[in-house]
Structures are given as structure tokens and as C-alpha cells.
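The structure under discussion appears below in the form of C-alpha cells.
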Number of protein chains: 2
Amino acid sequence: MPNHQVPLDRVFHALADPSRRAIVERLTAGPASVSELARPLRMTLPAVLQHVQVLESSGLVVSEKAGRVRTCRVEPAALRAAEVWLTARRTAWERRLDRLDDVLAGATEPTTTEEDRP
Amino acid sequence: MPNHQVPLDRVFHALADPSRRAIVERLTAGPASVSELARPLRMTLPAVLQHVQVLESSGLVVSEKAGRVRTCRVEPAALRAAEVWLTARRTAWERRLDRLDDVLAGATEPTTTEEDRP
DNA sequence: GAAAAAGTTAAGCAATCCCTTGACTATTGG
DNA sequence: CCAATAGTCAAGGGATTGCTTAACTTTTTC
């Protein structure tokens, strides 16, 4: 069982805040400066900067400064890492349901049970 | 405008904790009692119960008590809600890149690339 | 019916989160 | 130059988290 859990904590934590999700949504439409990100966000600039830093530390966003303006853009790899985890859970759940259906359909003949209970 | 953004906060927050993700992973393999969930988790039972409550409040998990044992199972709808949000962001980003490619490819001859600019 | 098993409740505590204010640094435009 | 713009740093405060211990209830089992 591969454990790429290191960044997942930060990615999900970053996405748990509505302001940060709003920032990500805005950035999927194209890069933006910190002030542009701040404008619709009813909070001070340092607060927005902190959100951007959380997003950067999660890998969801990268930014670079040119002159006096910092331009942020979304980094879809982290987005996809979270997506992959969710899809894996959902498909595992669906596969289990399928197996359950099989068992119920062929309930007359139980196959080798896979439960591990010593 | 659909307003299912209310639970997204809770869903992502719930998934931001590795113990809770471990619980979800275990539950995708089938229902389990609180004690079963607690066994691999190196923390006390009340702590696990609190995690289960967080997962329930996010809609990711449902549980019911029969006798003295509470049986938990995963509720894939919430899982899918998070998946949907992530997929929407990623595809929005990809579509934007495609448009950008078009613009760059047809840079010599501005064809009908601009749709929304009167 | 006493004791074990499974869970629940309450309180408390250290760490972290989200946001603010205030001061401060660069960069740019006139 | 000088002042507006864009961002940054530092400190702090109130709320929330993630755990713990201790006491308790409700089943089940012997």
C-alpha cells in the first residue's frame, strides 16, 4: 500500500477553507496577482497572502514575483493527487459492492472467504 | 446556482486528517465498529469516536447502533461531491490551456478565436 | 446478578487556524 | 525626488482541533 500521504494532509486542509477554494477557482481561470485575488475576498491583504502561502505549501499554487507584483497560478498536479485519492476510495467502495452483489447472487455456493480473523 | 458548498468545507476538513482518511480507507473495505476502527490507530477510543463524529458531520460516514456496537460505513455521495469539485477545477484549468494553445497556434492569423468580446 | 465489553460524555490542555493591526520594504510613475 | 502601489513581516487574539483522562451508561456474557 503506497503512502503518498505527505502532501495530502496539506492539500485537503488547504481546500477546506472557502476563501482558499475561491482563490483556486479564480486561478483556474488564469494567473492573478495577490491584489486581484484579494479584491472579491472581504479581508485584508495580509490575510490573503497567508491563504496564498497555505496554498503554496500544499503545492496547489505556485507564484513568482516580477517587479513588485507576485503572480500566482494553479498547479494541477496537487489537485490531481487529491482527485486520485478520492477516486481510489470511491472505486474501492464500488468494487466491494460488486463483490457483495456476486456473493448475494450466488449465495448457494460460498467461495473462499477473504476475511482475516484469526 | 447550486449551493452544495456548505458541506464541502466539512468534507475537505474531514479528509485533511490522516487518521480520518485511514478510517475512510478501512470503511471502503466494508463496515466496521468503532473499536475495530480504533485498533490500528494508536489513540484512545474517545478520540476515535470524535473522528467518527467529524466524519459523520461531513456526511462521509454514517453509523447506526445495534445493541452495544455502533457500526460505521462510508457514504460515497460526500466523497463524490469532493471529487466533483476537484474535477471541475482541473477541467476548467485544462480548457483554459487549450484555448491558450489555440491562440498561440493561430497567432499569425487571428481566426475566430475570440468569442466573448464585442 | 456481577463483571466484562462497547461506547459515550465531560472537562481540560497544548497546538494550530484565521484574521487583524501596525510598521516596514521595495518598485513604479510622474 | 516623492508618493502611490504592491507586497511583506511580526505580533497577537479569539476560535477551533486533536488529543487525553476520568467517570458514566448500556448491553452482553458467564
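All of these numbers come straight from a predicted model, not from anything done at the bench.
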Which whole-number value in Å describes the distance from Leu55(B) CG to dT17(D) P?
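In whole Å, dT17(D) P lies 13 Å from Leu55(B) CG.
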**Asked** Taking CG from Asp17(B) and P from dT17(D), how many angstroms apart are they, rounded to a whole number?
**Response**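 For the pair Asp17(B) CG and dT17(D) P, the rounded distance is 12 Å.
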- Task: May I ask you to evaluate whether Arg20(B) reaches the phosphate of dG18(D), defined as a side-chain N or O under 4.0 Å from OP1 or OP2?
- Result: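 Yes, within the criterion.
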Set of side chain to side chain contact (heavy atoms under 4.5 Å, CB included) partners for [X], sequence neighbours left out:
| X | answer |
| --- | --- |
| Ala22(B) | Leu41(B) |
| Ala16(B) | Phe12(A), His13(A) |
| Ala32(B) | Leu27(B), Glu36(B), Leu37(B) |
| Arg89(B) | Val24(A), Glu25(A), Thr28(A), Leu79(A), Trp85(B) |

Name the one of Leu15(B), Val74(B), Ile23(B) that satisfies side chain to side chain contact (heavy atoms under 4.5 Å, CB included) with Leu60(B)?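 That would be Leu15(B).
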Residues in contact with DNA chain D, drawn from residues 44-53 of chain B - heavy-atom cutoff 4.0 Å:
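Close to the strand are Thr44(B), Pro46(B), Ala47(B), Gln50(B), His51(B).
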field: Close residues, residues 63-72 of chain B, relative to DNA chain D [heavy-atom separation under 4.0 Å]
entry: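 Output list: Gly67(B), Arg68(B).
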Is there any salt bridge (Lys or Arg N to Asp or Glu O under 4.0 Å) pair reaching into residues 66-84 of chain A, and which pairs are they, with sequence neighbours excluded?
->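 For residues 66-84 of chain A, and leaving out neighbouring residues, the salt bridge (Lys or Arg N to Asp or Glu O under 4.0 Å) pairs sorted by first residue read Glu83(A)-Arg90(B).
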From Arg21(A) atom CZ to Leu8(B) atom CG, the distance as rounded to the nearest 0.5 Å: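 Spacing of CZ (Arg21(A)) from CG (Leu8(B)) equals 5.0 Å.
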Which side-chain N or O atoms in residues 47-56 of chain A pair as donor and acceptor under 3.5 Å with protein atoms at least two apart or in another chain?
| residue | atom | partner | partner atom | Å |
| --- | --- | --- | --- | --- |
| His51(A) | ND1 | Arg20(A) | NH1 | 3.2 |
| Glu56(A) | OE1 | Ser63(A) | OG | 3.4 |
| Glu56(A) | OE2 | Ser63(A) | OG | 2.9 |

Residue mapping more 5' on DNA chain C - nearest nucleotide basis, Val34(B) or Arg42(A) =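 Mapping each residue to its closest nucleotide by heavy atoms, the 5'-most match is Val34(B).
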- On DNA chain C, reading 5' to 3', which nucleotide is the first and which the last to sit with an atom under 4.0 Å from a heavy atom of chain A, could you check?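 Range of nucleotides within reach of chain A: dC17(C) to dT28(C).
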If hydrophobic clusters are built from ILVMFWY residues whose side chains come within less than 4.5 Å, do Trp93(A) and Val84(B) share one?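 Trp93(A) does not cluster with Val84(B).
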| request: Apply side chain to side chain contact (heavy atoms under 4.5 Å, CB included) to Cys72(A) and Val62(A), showing your working. | output: CA-CA 6 Å; Cys72(A) 310; Val62(A) 292; over 6 Å; no
